[in-house]
Amino acid sequence: MFDVKLEVSNLLASKISDVDQQQIYDMLETPPNPEMGDLALPCFKLSRILRKPPVQIAQDLAAAIPENENIERVENVSGYLNIFLNKSQFINKVLSHILKAGETYGSSDMGKGKNIVIDYSSPNIAKPFHVGHLRSTAIGNSLYRIFEFMGYNCIGINYLGDWGTQFGKLITAYKKWGNEQAVKEGLIKELVALYVKFHQEAEKDPSLEDEARQWFVRLEQGDEEARSLWKWFIEISLEEYQKVYDLLDVKFDSYNGESFFNDKMEPVIKELEEKGLLKESQGARIVDLEEDGMPPCLILKSDGSTLYATRDITAAIYRKNTYNFDKCIYVTGVSQSLHFRQWFKVIEKMGYEWHKDLYHVPFGTVSIGGEKLATRTGNVVLLEEILSKAIEKTLETIELKNPHLENKHEVAKQMGVGAVIFSDLYSNRIKDVSFSWDEVLNFDGETGPYVQYTHARACSVLRKAADAGAELDGAFDSSLLSSKEEYQLVKILAGFPDKVKQALENLEPSILTRYLVDVAQDFNRFYHEHSILVDDEALRNARLALVQAAKLTLSIGLRLIGLHAPERV
RNA sequence: GCGUCUGUAGCUCAGUGGAUAGAGCGUUCGACUCCGACUCGAAAGGCCGCAGGUUCAACUCCUGUCAGACGCACCA
């Protein structure tokens with residue numbers, strides 16, 4: 001991809017002494033208003049270096065910059081050097097590049113040979129998959145696609161919550177009040193009911209807790225009955241999760257959950273011991289983090305059993321050994337931030353240089369009606385329910401607007417699910433979200449369906465053009481795209497590669513989500529103002545090239561945030 | 001109490017030190033004999049929580065403060 005800023009900064013640097021090209025490059029910015037130019041150099045910082053007033057610098061530069069291939073003219077306005085690009089040249093370069101790059105537009109090989117581990121979704125077995133899990137799943141999946149697009153080899157891990165004392169409770173409850181038939185019919189719903197009943201009964205009869213503990217001990221010791229029930233619960237849960245993953249079009253490369261590390265923690269504890277990091281405190285074994293300004297990291301309970309930090313440390317070491325990752329990314333709620341800071345620090349204290357490659361990607365908390373989500377109190381909305389309602393609503397719209405659409409059920413699925421994912425990835429991930437049916441089912445404005453519709457609209461025009469025998473052979477006269485709507489659309493399309501990079505660097509898919517809305521808006525303005533399929537063949541071809549470039553960018557971008565881009569909706 | 005995060009238009013949110021702070025929803029007005037109106041245009045709506053400081057320049061950085069969320073030892 002050619003880089004105008006690079007070319008312009010080179011030219012400017014050659015006119016300014018004592019400042020190198022990179023500095024100029026970093027100073028160049030986009031003016032707030034297109035009438036002020038395409039690029040601007042604020043000259044205030046240069047003022048100190050050159051010991052001249054900013055206005056003077058801008059003036060001198062304006063006089064020193066000759067017209068050339070790239071630059072149409074420059075102006076100095078109160079200390080800013082405003083640069084107007086040669087529009088036709090710019091449009092030509094951008095569109096040629098996009099059309100040539102095709103499906104690879106915006107991609108790179110920066111990650112070649114590097115492995116990225118992404119830990120996301122990670123639901124707790126025997127618990128329903130609700131809105132809260134969507135965030136981790138959607139963000140993780142998008143990061144996976146973005147890194148892959150940039151040449152990295154990604155390993156998606158669903159770190160299932162498939163171990164812990166809750167299984168003792170579940171087995172106890174099942175033995176007491178459950179039966180095979182009811183679980184086979186009710187699936188997770190029945191498991192949750194058993195779990196809830198356990199807690200209700202345990203309030204009256206505390207001996208149930210002992211019984212649960214015993215069952216968990218039997219499970220740990222490999223008791224056959226306990227293990228087969230445990231495996232069965234996992235099986236049931238995974239089957240249900242898989243339905244959701246299929247709908248979301250999300251995949252994993254590994255399902256190694258917590259239980260996978262049961263037999264791998266002991267050497268790690270030994271290692272911590274040998275490195276002198278373990279300390280005894282109130283009967284438990286901890287890594288003291290006082291000098292790091294954090295509470296201690298608990299490694300072993302006073303009864304000698306392990307904790308989640310133990311498991312996470314073990315898993316990280318295992319992943320480093322197995323995948324030799326360049327980065328290992330954990331997509332979990334912000335409430336776990338301290339936990340991650342703590343055990344990342346423990347990895348550092350163990351002497352592992354790669355502690356700096358561990359990233360916690362936190363996201364804000366989901367609530368419903370001001371209350372926290374809680375399986376036990378029933379304050380949850382199941383993701384499946386949301387998805388099916390969204391799909392249903394989309395289907396209604398299709399029946400209304402385009403009843404003869406061939407694969408309407410497939411399209412309704414892609415748009416309905418897309419709407420849900422899109423709204424989840426729309427704002428910065430750190431923001432708390434309050435779930436509301438009205439918002440999730442509102443498809444107007446800055447939404448997935450809006451972007452998908454825009455993409456389909458572009459496809460439709462291209463289809464019509466192809467039917468009429470127009471050929472898109474890459475040749476077009478960029479000087480014919482002279483309106484401000486056309487230029488604006490080209491400019492936003494040119495920014496795509498940088499947006500992908502930003503999303504990757506900030507581990508923030510919302511950067512792309514919002515970018516797509518901007519593209520769709522600019523496309524629709526252009527579409528509204530100008531006829532594309534005009535009689536003038538040269539003009540038609542130029543506009544078709546622009547439509548094709550926009551269509552490509554939209555479809556690639558949608559894919560990167562985990563959405564489909566149907567050609568007809 | 002300590003720590004982290006968040007406070008921008010009525011609502012939901014953008015804005016990684018630069019010029020006049022932007023979108024969508026909602027409200028009001030307007031555009032379909034026209035390539036798909038799930039579209040587009042216009043208007044109204046702002047002490048950027050508050051107070052100091054740094055800087056030529058602060059919504060952006062620093063300090064304090066208020067409000068909310070989350071976390072702070074044997075759950076994950």
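What you see is a predicted model, and the numbers here were worked out from it, not measured in a lab.
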Mind checking salt bridge (charged side-chain N to carboxylate O under 4.0 Å, His left out) for A:Arg311 and listing every partner two or more places apart, or none if nothing turns up? none
Quick check: do A:Leu278 and A:Ile269 have side-chain heavy atoms less than 4.5 Å from each other? yes
What residues from residues 24-43 of chain A pass a heavy-atom cutoff of under 4.0 Å to RNA chain B? A:Glu29, A:Pro31, A:Pro32, A:Met36, A:Ala40
Only pairs at least two apart or in different chains count here, so list each ring pair (Phe, Tyr, Trp, His ring centres under 6.0 Å) that has a residue in residues 409-436 of chain A. A:Phe435-A:Trp437
Does OP1 or OP2 of B:rU55 have a side-chain N or O of A:Lys45 closer than 4.0 Å? no
Nucleotide N/O of nucleotides 12-14 of chain B paired with protein N/O under 3.5 Å:
from   : atom 1 : to       : atom 2 : distance (Å)
B:rA14 : OP1    : A:Asn428 : N      : 2.7
B:rA14 : OP1    : A:Asn428 : ND2    : 3.2
B:rA14 : OP2    : A:Lys431 : NZ     : 3.2
B:rA14 : O3'    : A:Arg514 : NH2    : 3.4
B:rA14 : O2'    : A:Arg514 : NE     : 3.2

Results of side-chain hydrogen bond (donor to acceptor under 3.5 Å, both in side chains) for A:Asn76 - residues two or more places apart only: none
Answer with base, sugar-phosphate or nothing: what part of the nucleic acid does A:Ser335 contact at a heavy-atom distance below 4.0 Å? sugar-phosphate
Apply salt bridge (charged side-chain N to carboxylate O under 4.0 Å, His left out) to A:Glu439 and list each qualifying residue two or more places apart in sequence or on a separate chain. none
Canonical and wobble pairing (Watson-Crick, G-U, under 3.5 Å) of RNA chain B, dot-bracket with |: (((((((..((((....[...)))).(((((.......))))).....(((((..]....))))))))))))....
Got a list of side-chain donor-acceptor pairs under 3.5 Å for residues 458-470 of chain A, not counting sequence neighbours?
from     : atom 1 : to       : atom 2 : distance (Å)
A:Arg463 : NH1    : A:Glu567 : O      : 3.4

Any residue meeting side-chain hydrogen bond (donor to acceptor under 3.5 Å, both in side chains) with A:Thr314, in chain and number order, not counting sequence neighbours: none
Please identify each residue that fulfils side-chain hydrogen bond (donor to acceptor under 3.5 Å, both in side chains) with A:Ser47, with sequence neighbours left out. none
Residue set satisfying side-chain hydrogen bond (donor to acceptor under 3.5 Å, both in side chains) with A:Lys551, at least two apart, ordered chain then number -> none
Identify all pairs in which a protein N or O lies below 3.5 Å from an N or O of nucleotides 34-36 of chain B, and state each distance.
from   : atom 1 : to       : atom 2 : distance (Å)
B:rC35 : O3'    : A:Lys464 : NZ     : 3.4
B:rC35 : O2     : A:Ile532 : N      : 3.1
B:rC35 : O2     : A:Leu533 : N      : 3.0
B:rC35 : N3     : A:Ile532 : N      : 3.0
B:rC35 : N4     : A:Tyr527 : O      : 2.3
B:rC35 : N4     : A:His530 : O      : 2.7
B:rG36 : OP1    : A:Ser460 : OG     : 3.3
B:rG36 : OP2    : A:Lys464 : NZ     : 2.5
B:rG36 : O2'    : A:Tyr453 : OH     : 2.4
B:rG36 : O2'    : A:Arg457 : NE     : 3.3
B:rG36 : N7     : A:Ser460 : OG     : 3.3
B:rG36 : O6     : A:Val569 : N      : 3.2
B:rG36 : O6     : A:Val569 : O      : 3.3
B:rG36 : N1     : A:Val569 : O      : 2.7

